[in-house]
J.: 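Take this structure, written in structure tokens, and hold onto it; I'll ask about it next.
Letters go in sequence order (proteins before strands), and every chain restarts at 1.
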2 protein chains.
Amino acid sequence: MTEELCKEHAKLTEPPPEIEATLAVLSGKWKILILWQLMRRECRFNELRRAIKGVSQHMLTTQLRDLERHGIITRTIFPEVPPRVEYALSEHGESLKNVIRTLATWGHTHLRRQQAATSRPVTRGRKVAAG
Amino acid sequence: MTEELCKEHAKLTEPPPEIEATLAVLSGKWKILILWQLMRRECRFNELRRAIKGVSQHMLTTQLRDLERHGIITRTIFPEVPPRVEYALSEHGESLKNVIRTLATWGHTHLRRQQAATSRPVTRGRKVAAG
DNA sequence: CCGTATCCTCTGTGATACTG
DNA sequence: CAGTATCACAGAGGATACGG
């Protein structure tokens with residue numbers, strides 16, 4: 001009975017399934033950085049390793065596998081010697097370009113804002129309403 | 001000498017400072033979900049706690065403080081009894097609406113794609129180039 | 001109601017060594 | 001070159017109790 005009322009109140013805002021789906025794909029320390037590289041052109045394993053400062057062999061493999069499993073990127077093996085593997089955005093992965101670009105754009109303006117903010121001192125955020 | 005050549009080769013793709021700035025702000029298990037709620041309307045602490053299933057009091061406080069410190073949200077204390085605190089997007093935080101919406105939109109199409117994919121079996125991603 | 005303080009868990013991540 | 005296999009660890013996150 002009172003339980004019904006509680007539910008009603010909690011329902012003011014609802015849970016977001018699309019958001020969680022996106023986070024499930026993109027979460028991981030290196031995923032976005034990997035995708036940023038693959039947006040520009042397809043890459044080989046060691047190319048990515050060099051381009052992304054600080055990533056370990058292990059983590060690069062892991063996160064590439066994750067992205068592949070989610071259908072975001074493709075992995076093409078060329079049966080040559082020495083072995084060669086190319087990673088690229090899948091067709092579905094292409095649709096993430098827009099997302100990554102949005103993140104980058106926002107980051108850009110955010111950085112500019114930070115510069116402006118540090119040049120002059122400022123009391124930040126914490127407000128007390130008059131009462 | 002040879003060091004110069006190595007640098008030249010690694011420079012094929014460059015590090016993305018705007019991306020890292022964005023990740024610094026948004027990384028954290030609950031940040032995006034918090035912002036999703038605050039996009040819709042300002043919220044009180046316990047409202048957020050109820051709306052975001054599974055978040056602990058500790059983490060909610062921590063991540064709200066992070067967002068506040070980055071200038072994304074504001075925290076307004078109403079000197080009443082019982083105490084009341086309202087969280088809302090700051091002016092700067094408003095600019096994130098677009099980002100969050102982009103994430104949600106992509107997640108939506110991603111979910112639809114997943115449905116379609118699971119209805120029929122499919123060999124996924126792993127390709128071997130002819131040789 | 002809205003927190004802070006502690007302590008503890010566990011997952012993501014990193015380092016190292018070895019293989020097709 | 002492009003991985004896999006182990007082991008080890010920091011630090012993000014969770015549980016619980018107490019305070020303004």
J.: If the sugar-phosphate is the primed atoms plus P, OP1 and OP2 and the base is the rest, what is the B/S/- string for nucleotides 7-14 of chain C, using protein heavy atoms under 4.0 Å?
T.: ------SB
J.: To the nearest angstrom, how far is B/Arg49 atom CZ from D/dA15 atom C1'?
T.: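 Whole-Å distance recorded here is 11 Å.
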J.: D/dG3 phosphate, OP1 or OP2: any side-chain N/O from A/Arg75 under 4.0 angstrom?
T.: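 Looking at the OP1 and OP2 atoms of D/dG3, one of them is under 4.0 Å from a side-chain N or O of A/Arg75.
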J.: In whole angstroms, how far is the P atom of D/dT4 from the CG atom of A/Leu60?
T.: 11 Å
J.: What pairs of donor and acceptor atoms, side-chain ones from residues 80-89 of chain B against any protein atom, are under 3.5 angstrom apart with sequence neighbours left out?
T.:
from: B/Glu80; atom 1: OE1; to: B/Arg84; atom 2: NH1; distance (Å): 3.4
from: B/Glu80; atom 1: OE2; to: B/Arg84; atom 2: NH1; distance (Å): 2.8
from: B/Tyr87; atom 1: OH; to: B/Arg65; atom 2: NH1; distance (Å): 3.4
from: B/Tyr87; atom 1: OH; to: B/Arg75; atom 2: NE; distance (Å): 3.2

J.: Do B/Leu33 and B/Val55 come close enough that some side-chain heavy atom pair is under 4.5 Å?
T.: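 No. Closest side-chain heavy atoms not under 4.5 Å.
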J.: What is the separation between atom CD on A/Gln57 and atom P on D/dT4, rounded to the nearest whole Å?
T.: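 Rounding to the nearest Å, CD of A/Gln57 and P of D/dT4 are 10 Å apart.
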J.: Examine distances only and state if a side-chain atom of B/Gln37 and a backbone atom of B/Leu48 form a donor-acceptor pair shorter than 3.5 Å.
T.: no
J.: Using side chain to side chain contact (heavy atoms under 4.5 Å, CB included) as the criterion, list what pairs up with A/Ser90, not counting sequence neighbours.
T.: A/Thr74, A/His92
J.: For the pair made of CD1 in A/Ile77 and P in C/dG20, what is the distance, rounded to whole Å?
T.: 16 Å
J.: Over how many whole Å does the gap from B/Arg50 atom CZ to C/dC2 atom C1' extend?
T.: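 Distance, rounded to whole Å: 12 Å.
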J.: Rounded to the nearest angstrom, tell me the gap between atom CG in B/Leu64 and atom C1' in C/dT4.
T.: 14 Å
J.: List in numerical order all residues of residues 80-88 of chain A for which some heavy atom is under 4.0 Å away from an atom belonging to DNA chain C.
T.: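 Of all residues in residues 80-88 of chain A, the ones placing a heavy atom under 4.0 Å from DNA chain C are A/Pro83.
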J.: Over how many whole Å does the gap from A/Arg44 atom CZ to D/dA2 atom C1' extend?
T.: 9 Å
J.: Rounded to whole angstrom units, what separation is found between the NZ atom of B/Lys31 and the C1' atom of D/dA12?
T.: 11 Å
J.: I want to check something: taking the side chain as every heavy atom from C-beta on, are B/Leu64 and B/Glu68 in contact at a cut-off of under 4.5 Å?
T.: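 A side-chain contact is absent here, since even the closest heavy-atom pair is not under 4.5 Å.
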J.: Test of understanding: with side-chain hydrogen bond (donor to acceptor under 3.5 Å, both in side chains), list the residues that count as partners of B/Trp30, not counting sequence neighbours.
T.: none
J.: Any salt bridge between B/Glu94 and B/Lys97, counting N to O under 4.0 Å?
T.: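 B/Lys97 and B/Glu94: salt-bridged.
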J.: Among residues at least two apart in sequence or on other chains, which ones pass side chain to side chain contact (heavy atoms under 4.5 Å, CB included) with A/His108?
T.: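 Side chain to side chain contact (heavy atoms under 4.5 Å, CB included) list for A/His108, sorted by chain: A/Arg112, B/Glu18.
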J.: Compare side-chain N and O positions of B/Arg65 against OP1 and OP2 of C/dG3 and report whether any pair is under 4.0 Å apart.
T.: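 For B/Arg65, the contact criterion (side-chain N or O under 4.0 Å from OP1 or OP2 of C/dG3) is met.
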J.: Would you mind telling me which of D/dT4, C/dG3, D/dC1 lies closest to the side-chain atoms of B/Phe45?
T.: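 Nearest listed nucleotide: C/dG3.
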J.: Quick one: are A/Leu111 and A/Gln114 in side-chain contact, heavy atoms under 4.5 Å?
T.: yes
